[in-house]
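Worksheet for the structure shown next.
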Amino acid sequence: MKTKIETIKQAINAAVEKGGKQQAVTLVAVSKTYPAEAIEEAMACGIFDFGENKVQELTHKLAVLPDTARWHLIGHLQTNKVKYIIGKVALIHSVDSLKLAEEIDKQSAKSGIVTPILIQVNVAKEPTKFGFEVEEVVAAIRHMATFKHVQIKGLMTIAPFVDDPEQNRPLFKKLFALSVDIEKQNIDNISTKILSMGMSNDYRVAIEEGATIVRVGTALFGQRDYTV
Ligand SMILES: *Cc1c(COP(=O)(O)O)cnc(C)c1O
């Protein structure tokens, strides 16, 4: 795993260089379906940010792993499950409705905390994917900016799986442009500086286009086994 991590980190640095945006990039290791031991091995190699897409798996893992791990919820979150993760995750990447943001606000208020979130944008307009349409994002953010217990930190997108990662470049460009646009509007209490985009297949292209968080699973941990 050490070699894989080194290779990915070098690829990240090369992509930042090539893209010319000079941004800092956080590697989130997507640990869904992998056992706690795999996460411990990654931690021993200096990786501390982990992405999970299911609440139950996430809460199980955070209970058994050292609290130096930082957890990122990257999958669709049902409102009735919000209460289980509030105060336990570093960042929720997948806020895809006003109703969900409202529930995160409510549960965070109960715990007396402010929860950092990203707004998921369905840039590719895939009918099967969650997220706001590009055209809806500004209005949604203006609404959420009034919530006192959520803090919008940026935008996230899940690009389609494609053979050639270049095919996703226009989507990444679009999300970057949207974030710049929103940043210019200086909306109180919100920022869109974090851009969570790019996975194993296309993280290099995403970084060239401005990603500040990449979510990498298989390139780091190997193929997932969904049968277990
Ligand atoms: C599984 C998953 C990833 C990681 O995908 P890989 O192709 O294994 O790198 C990234 N983001 C989300 C939202 C995921 O569900």
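This structure is a prediction, so every number in the text was calculated from the model and none was measured. Position 1 is the first residue of the sequence; numbering continues from there. Just so you know, ligand 1 is whichever comes first in the structure, and atom 1 is the first atom listed for that ligand.
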Hey, are the side chains of [X] and [Y] touching, using non-hydrogen atoms and a 4.5 Å cut-off?
{"X": "Trp71", "Y": "Glu52", "answer": "yes"}
{"X": "Ile141", "Y": "Gln185", "answer": "no"}
{"X": "Ile92", "Y": "Val150", "answer": "no"}
{"X": "Ile39", "Y": "Tyr34", "answer": "no"}

Group every Ile, Leu, Val, Met, Phe, Trp and Tyr by side-chain heavy-atom contacts under 4.5 Å, then state whether Phe172 and Met156 land in the same group.
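Looking at the clustering, Met156 is in a separate group from Phe172.
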
Does any donor atom in the side chain of Ser94 or Gln120 lie under 3.5 Å from an acceptor atom in the other side chain?
no

Under 4.0 Å from ligand 1 - residues by heavy atom, chain and number
Val30, Lys32, Ile74, Ile158, Met199, Ser200, Arg215, Val216, Gly217, Thr218, Arg224

